[in-house]
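We use all heavy atoms of the structure for the numbers below, so side chains are in, but hydrogens, waters and symmetry mates are not. Here is the naming used below: chain letters follow the sequence lines, and residue numbers restart at 1 for every chain.
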Amino acid sequence: MLASGTPYVIRLKVEPGREIVIQDLIRDQVSVQSSELDDKVLLKADGMPTYHLANIVDDHLMEITHVIRGEEWLPSTAHHVLLYEGFGWQDTMPQFAHLPLIMKPVGNGKLSKRDGAKFGIPVFPLSWKGEVEADSFTGFREAGFLPAATINFLALLGWHPGTDQEIFSMEELIAAFSIESIGKSGARFDYDKAKWFNQKYLQQSSDAELATMMAPYAAAKGYSTDAALLEGIARLMKERVTFVPDFVEEGYYLFEPVRTYDEDAVAKKWSARLEPSFQALIEWFRNTAAFEAITLEQGVKTFMAENTLKPGEVLPLLRLALAGTMKGPAVFDMAEFLGRDATCARLEAALQFFKTRITTV
RNA sequence: GGCCCGUUCGUCUAGGGGUUAGGACGCAGGAUUUUCAUUCCUGUAACACGGGUUCGAUUCCCGUACGGGCUACCA
């Protein structure tokens with residue numbers, strides 16, 4: 001048959017009747033009866049080796065000491081042990097460690113590539129643009145996750161340091177980590193916790209680092225920026241973002257004029273009778289000496305006192321004028337960041353908008 | 001189906017024969033901030049079930065249930 005060119009494969013012949021004991025760093029001993037094992041294909045009909053053969057030969061040649069892989073490999077490890085024995089390499093066989101699997105955020109089963117699109121979460125480190133839509137996905141990096149935060153989060157999925165520490169620098173992680181303290185059960189991917197780690201890392205990053213990180217996102221939006229500007233935005237927004245792109249998305253008004261005003265907030269805070277005061281306030285901003293947060297705040301407080309205005313009648317409107325929303329950095333910090341010209345321009349624009357609103361008293 | 005692995009708050013987990021079963025995320029409430037967020041405080045909530053072993057089991061053993069993985073000339 002061989003001579004006539006009949007296609008064939010070469011298999012591993014597994015003798016029945018013996019127990020194969022796999023020594024695992026995480027699960028200790030796992031034993032399998034050889035009678036349960038099939039005669040795995042080693043060389044395919046096209047002459048190429050299967051993973052099982054290639055894996056053992058490669059690892060042996062490369063003098064691999066530890067095979068650390070997902071739990072889905074545990075069943076085939078018995079074959080691998082047999083292969084090491086078959087080649088007479090049992091003395092240099094690597095140590096095995098089978099890691100618990102990461103499970104879907106919701107539902108059953110292990111986390112898979114498809115889950116990224118399904119749940120709107122990253123699954124792989126980097127984005128990938130495939131031939132078709134279904135083969136494309138967004139990576140942790142492009143989603144705005146910091147590498148260190150992602151590693152930190154992933155490390156705690158299944159592993160525990162033995163202390164209550166959760167935030168680890170790479171050095172601390174390397175020092176504290178050990179295969180032996182990895183757990184055995186599968187861990188569900190908790191996106192909320194992943195976000196929390198990222199937020200923590202963002203908060204701990206310096207303004208200069210954040211500026212560097214947000215630069216590509218700012219450029220993609222067509223903003224012309226410089227390091228000083230980006231650092232200022234980092235300082236203003238770092239306590240209120242979760243992902244790097246948030247700086248540009250949620251803090252867009254620090255890059256460009258306000259696009260829209262929170263209508264409900266305007267309706268609630270604006271009153272036609274405030275117009276003269278607001279007008280006077282704009283004048284004040286235009287002429288006040290120093291344009292720094294602290295002095296601006298003191299000045300506006302004095303202004304409010306002199307005009308018998310309550311903070312609630314002034315500050316929310318200033319915020320709305322500068323940012324368009326009730327969220328965001330402290331009002332006077334934004335004013336200082338924007339500078340006199342932009343601040344006054346926004347106050348003017350906002351006043352025009354406010355006046356178009358139909359208001360009661 | 002068969003084989004292998006696993007099972008502590010909703011989630012990630014610590015712990016381990018006698019504990020008020022600890023921490024974190026989330027959620028809820030409060031303090032601070034006349035925004036949002038941050039920060040701080042408080043609260044919420046768990047040992048899958050049944051048998052053993054034991055003076056005593058969440059912890060050890062055995063079952064059951066449930067969950068996961070493998071069962072390709074894929075990796």
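In this structure, B/U35 makes no Watson-Crick or G-U wobble pair, since no nucleotide meets both defining distances under 3.5 angstrom.
B/U42 and B/G51 have their P atoms separated by 40 Å, given to the nearest Å. When the P atom is compared between B/G2 and B/C49, the two are found 26 Å apart, to the nearest whole Å. Comparing the P positions of B/C4 and B/C12 gives a spacing of 26 Å, expressed to the nearest Å.
Heavy atoms from other residues, nucleotides or ligands lying under 6.0 Å from CD of A/Glu63 number 12 at most. By the neighbour-count criterion of 12 heavy atoms within 6.0 Å, atom CD1 of A/Ile294 is sparsely surrounded, having that number or fewer from other residues, nucleotides or ligands.
When distances run from any side-chain atom of A/Asp164 to the nucleotides B/C5, B/G23, B/U13, the shortest one goes to B/G23.
With rounding to whole Å, A/Leu99 atom CG is found 14 Å from B/G6 atom C1'. Residue A/Asp333 contributes atom CG, which lies 13 Å from atom C1' of B/A37 at whole-angstrom precision.
A/Asp38 comes within 4.0 angstrom of no nucleic acid atom, judged by non-hydrogen atoms across all strands. Among the protein residues, A/Ala187 comes within range of the sugar-phosphate backbone only, with heavy atoms under 4.0 Å from sugar or phosphate atoms but none that close to a base. In this structure, A/Pro329 reaches the bases: a heavy-atom distance under 4.0 Å links it to at least one base atom across the strands shown. At the heavy-atom level, A/Lys104 lies nowhere under 4.0 Å from the strands shown. In this structure, A/Thr163 reaches neither bases nor backbone, as no heavy-atom distance under 4.0 Å exists between it and the strands shown. A/Gln33 comes within contact range of no nucleotide atom at all, as no heavy-atom separation falls under 4.0 Å.
Looking at A/Arg319, its side chain comes within 3.5 Å of the base of B/U35 through a donor and an acceptor atom. Not a single donor-acceptor contact under 3.5 angstrom links the side-chain atoms of A/Arg188 to the base of B/C12. Taking 3.5 Å as the limit, the base of B/A37 and the side chain of A/Lys327 contain no donor-acceptor pair of atoms between them.
We find that A/Lys238 and A/Glu209 are not joined by a salt bridge, their nearest charged nitrogen and carboxylate oxygen being 4.0 Å or further apart.
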